[in-house]
Amino acid sequence: MIFTIFKKELIDTLRDKRTMRTMLLIPLLVFPIILTLYVNVSSSFEKKASEEKIKIGVWGDLGAKYWNQLNEMPKGLGKKELKSFEDSTALKKAIEQGEIQLGLIVPKNEAELARTKQSIPLTWLFDASSIGRQERAEAYMNHMSDKAEAIRFKELGVNAAKLHPLVPVYQNCASDKKMIGQIAGGILPYIFIAFGFIGCMYPAIDLFTGEKERGTIETLLTTPVSRWQILVGKMMVIVTSGMLAATCALIGLFVSIEFLDIVHNKEILDIVHGILTPSFIIAMFSLLFPLVVFFAGAMIPIAVYAKSFKEAQSIITPLNVVMVLPAMIGFFPGIELNATTAAIPVVNIVLSTKELISGTLSVGYYCISLGIMLLLATVSVLVSYRQFGNEARILN
Amino acid sequence: MIKVSHLRKEFELSRQQKKELNTTDNIAVAVDDLSFDCHPGQVFSLLGPNGAGKTTTLRMLSTILTPTSGTIEIAGIDAIKYPQEARAKLGFLTGSTGLYARLTPIEIIDYFAALYGVPQKEKEERKKYLFDLLNMNDFLHKRIGKLSTGMKQKVSICRTMIHNPEVVIFDEPTSGLDVITAENIIKLIRDCKDQEKTVIFSSHIMSEVDLLCDELAIVHKGQLKYNGMMSDFRQNMEASNLTEEFIRIVQR
């Protein structure tokens with residue numbers, strides 16, 4: 001009987017355009033669209049920045065030496081045009097008015113400082129509100145500095161290595177897989193949680209509040225089917241919808257990575273392929289399933305309580321923030337899965353998934369996380385059953 | 001057969017409901033000590049003004065609501081102790097019944113036949129009989145949302161009768177329907193009577209009651225004001241017509 005109800009509700013749900021949009025279409029398309037936009041916009045910015053001809057103002061005759069150095073900069077550091085200025089005030093004004101993008105001020109005693117082998121402060125003027133200006137100045141400065149340093153070492157007859165007794169070599173011992181898990185691992189459970197929630201929302205409202213509003217619930221309750229069977233049948237559709245939405249989001253993300261040329265590094269791409277193994281997906285879904293049941297269990301009492309679709313939506317939408325906020329924990333570095341965090345619902349799913357991606361998930365913490373979520377899912381089902389059995393609520 | 005004895009239904013009032021009803025009482029009594037019997041092959045009418053307790057009574061008979069006290073017997077089954085078994089014996093149709101707009105009539109009928117546990121062979125026979133009887137064959141595969149009110153009403157009737165129930169409950173079945181669509185319901189009630197089914201229907205339209213019913217109960221504010229045969233009611237009328245007599249009894 002549960003399957004009969006499940007089948008009917010699933011057909012009904014799949015024919016609802018609004019649910020189909022939130023359950024399949026949006027999750028499926030959101031990542032390809034966002035990532036395509038991101039890649040195109042950022043690459044066009046990068047292209048624009050690299051092709052942009054920067055006008056650099058150099059102050060007075062004292063800058064002649066640096067004028068030449070700037071002129072001889074490698075082409076890879078970007079196109080430029082130099083302009084001479086009589087005083088620093090005019091230079092600043094030209095930057096403010098956008099006539100030039102960078103200004104170089106050389107101290108008046110530059111020759112003296114150079115002769116006495118002292119440090120020469122070179123001041124770069126730029127408008128920090130424009131993207132890439134500081135980076136361009138730093139690139140020029142590093143190049144000039146390296147060159148000046150080499151000349152000075154040569155003049156002094158000093159071996160550069162003698163001045164640097166210690167050369168730090170930092171070596172990261174974490175595997176690339178672990179690094180990806182730590183850096184990007186928070187995103188995956190966040191996607192699952194956010195879309196799992198959204199996927200549950202419309203079917204939950206439609207199958208309970210919608211039935212009340214349309215006047216079909218009364219008829220259903222007069223059939224010789226027990227309320228728990230009706231509840232379970234409907235709940236199965238809500239959970240299926242939540243899982244489908246999360247799966248579609250994952251498929252969308254996978255398709256984006258595979259076909260949109262977002263990840264240029266082949267090694268990283270291989271690691272991503274290595275992570276997305278059947279065992280990983282099974283473990284991931286085993287964590288997601290009780291979470292989605294919990295979402296469904298939290299939404300059903302609200303949907304049963306609400307008198308209209310609008311009312312249900314107005315209560316459940318803010319709940320989204322409450323449920324999804326803990327998922328953001330995954331983005332914070334330093335918060336790790338331990339006995340305490342494994343006992344915090346939603347947070348445990350995020351952290352477990354992170355560890356799962358990194359390949360460092362301990363069986364003990366996985367069991368605690370899964371156990372807590374299963375317990376919560378059971379409680380939410382019982383609360384739903386209680387609310388669904390409340391005749392005052394179900395019939396308004 | 002329906003046997004109702006000393007039926008009472010109380011509803012707990014929320015703070016907002018108390019405010020709306022301007023009362024300090026914690027409970028509202030919707031049905032108070034109601035007793036009556038409905039017999040097979042007869043149409044029993046539950047008559048009363050809006051808010052009299054008709055719908056609450058019928059919802060208790062269909063086991064959607066649990067009575068605070070009293071007993072209900074549906075086709076020999078204690079409906080309070082065995083609600084699922086009792087529900088299998090009855091068909092329930094209300095004027096406000098909705099249908100699943102995204103499904104087709106055939107899908108709805110198959111769904112309810114499955115919920116009522118109708119065996120496959122019997123289901124096909126019943127479907128053929130009802131589709132022919134109600135002239136539904138032309139729109140069986142169209143979505144409910146695209147059907148006219150009259151077509152929807154036929155689907156509702158078919159859904160109610162697919163399991164050939166012994167007892168049929170109609171809660172203001174013609175409410176909001178035009179005369180031609182309402183005629184389908186009137187015909188259905190007559191057919192049920194001819195098939196020796198127990199029929200109970202609620203209404204506040206006296207002409208409808210006059211047309212159909214064999215036995216009558218008038219309720220007001222949850223209490224039984226009159227219970228007897230329609231023929232006796234007509235014979236003993238003090239007012240000049242049925243509607244006035246109904247108003248007289250209610251205001252008594």
Side-chain angles (χ1 to χ4, degrees), chain A residues 1-21 23 202-203 206-234 237 304-305 307-309 311 386 388-396, chain B residues 9-14 17 28 55-56 58-67 77 82-104 107-108 110-118 143-145 155-156 159-160 162-163 165 167-169 171 176:
Chain A
M1 203 55 79
I2 291 172
F3 182 72
T4 303
I5 294 166
F6 170 74
K7 195 176 134 196
K8 176 260 157 191
E9 299 294 12
L10 190 64
I11 292 169
D12 205 0
T13 300
L14 291 174
R15 285 181 187 168
D16 181 18
K17 284 179 189 163
R18 184 169 41 190
T19 307
M20 284 301 285
R21 270 200 302 271
M23 193 167 87
Y202 281 111
D206 190 54
L207 296 184
F208 289 92
T209 318
E211 280 236 27
K212 278 168 75 178
E213 246 184 336
R214 291 187 292 267
T216 48
I217 192 79
E218 202 173 349
T219 318
L220 189 60
L221 294 176
T222 58
T223 61
V225 183
S226 65
R227 287 201 186 181
W228 75 264
Q229 285 175 313
I230 297 172
L231 177 76
V232 172
K234 283 173 178 284
V237 175
V304 170
Y305 166 82
K307 289 183 175 69
S308 67
F309 204 97
E311 188 187 357
R386 200 181 154 88
F388 191 58
N390 184 334
E391 57 188 35
R393 292 266 180 269
I394 202 74
L395 294 169
N396 275 345
Chain B
K9 181 66 184 175
E10 296 170 357
F11 287 109
E12 260 185 60
L13 293 175
S14 65
Q17 284 169 323
T55 298
T56 304
L58 297 188
R59 281 178 171 175
M60 285 191 281
L61 296 189
S62 58
T63 77
I64 303 173
L65 294 179
T66 311
I77 298 164
Y82 309 103
Q84 259 174 267
E85 287 79 353
R87 285 203 291 270
K89 301 278 181 188
L90 59 86
F92 185 80
L93 183 72
T94 82
S96 58
T97 299
L99 290 165
Y100 302 104
R102 296 186 289 264
L103 298 188
T104 63
E107 285 169 339
I108 288 179
D110 281 342
Y111 177 52
F112 277 90
L115 295 182
Y116 280 104
V118 182
R143 296 239 179 127
I144 294 292
V155 179
S156 288
R159 174 198 58 72
T160 309
I162 189 65
H163 58 298
V167 175
V168 193
I169 298 173
D171 184 15

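Every chain is numbered from 1 and lettered A, B, ... according to where its sequence line falls, protein lines coming before strand lines. Note that the coordinates shown come from a computational prediction; the quantities given were computed from them, not determined experimentally.
- The shortest distance between side-chain heavy atoms of Thr219(A) and Phe92(B) does not fall below 4.5 Å.
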Practice item. Any chance you could lay out the salt bridge (charged side-chain N to carboxylate O under 4.0 Å, His left out) test for Glu107(B) and Lys8(A), step after step, and finish with the verdict? Key: CA-CA 8 Å; Glu107(B) 285 169 339; Lys8(A) 176 260 157 191; over 6 Å; no
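- A distance-only check finds a donor-acceptor pair linking the side chain of Arg87(B) to the backbone of Thr223(A) [under 3.5 Å].
- Applying the ring-ring contact (aromatic ring centres under 6.0 Å, His included) criterion to Phe388(A), with sequence neighbours excluded, gives Phe208(A).
- Contact record, Thr104(B) with Arg15(A): N-NH1, 4.3 Å, taken as the closest heavy-atom pair.
- Atoms CD and CD1, on Glu218(A) and Ile64(B) in that order, are 4.5 Å from each other to the nearest 0.5 Å.
- Of the listed residues (Arg59(B), Glu12(B), Lys89(B), His163(B)), the one with the most heavy-atom contacts under 4.5 Å to chain A is Arg59(B).
- Annotation for Gln84(B) and Ser226(A): closest pair OE1-CB, 3.3 Å, computed over non-hydrogen atoms.
- Thr222(A) OG1 to Leu61(B) CG: the interatomic distance, rounded to the nearest 0.5 Å, is 12.5 Å.
- Asp16(A) is linked by a side-chain contact (heavy atoms from CB on, under 4.5 Å) to Arg18(A), Thr19(A), Asp206(A), Arg102(B), counting only residues two or more places apart in sequence or in another chain.
- Residues Leu115(B) and Ile5(A) meet the side-chain proximity criterion, which asks for heavy atoms closer than 4.5 Å.
- Heavy-atom distances place no part of Ile217(A) under 4.5 Å from chain B, backbone and side chain included.
- Side-chain contact check for Leu220(A) versus Tyr111(B): some heavy-atom pair is nearer than 4.5 Å.
- Residue Thr66(B) touches chain A through both its backbone and its side chain, counting heavy-atom pairs closer than 4.5 Å.
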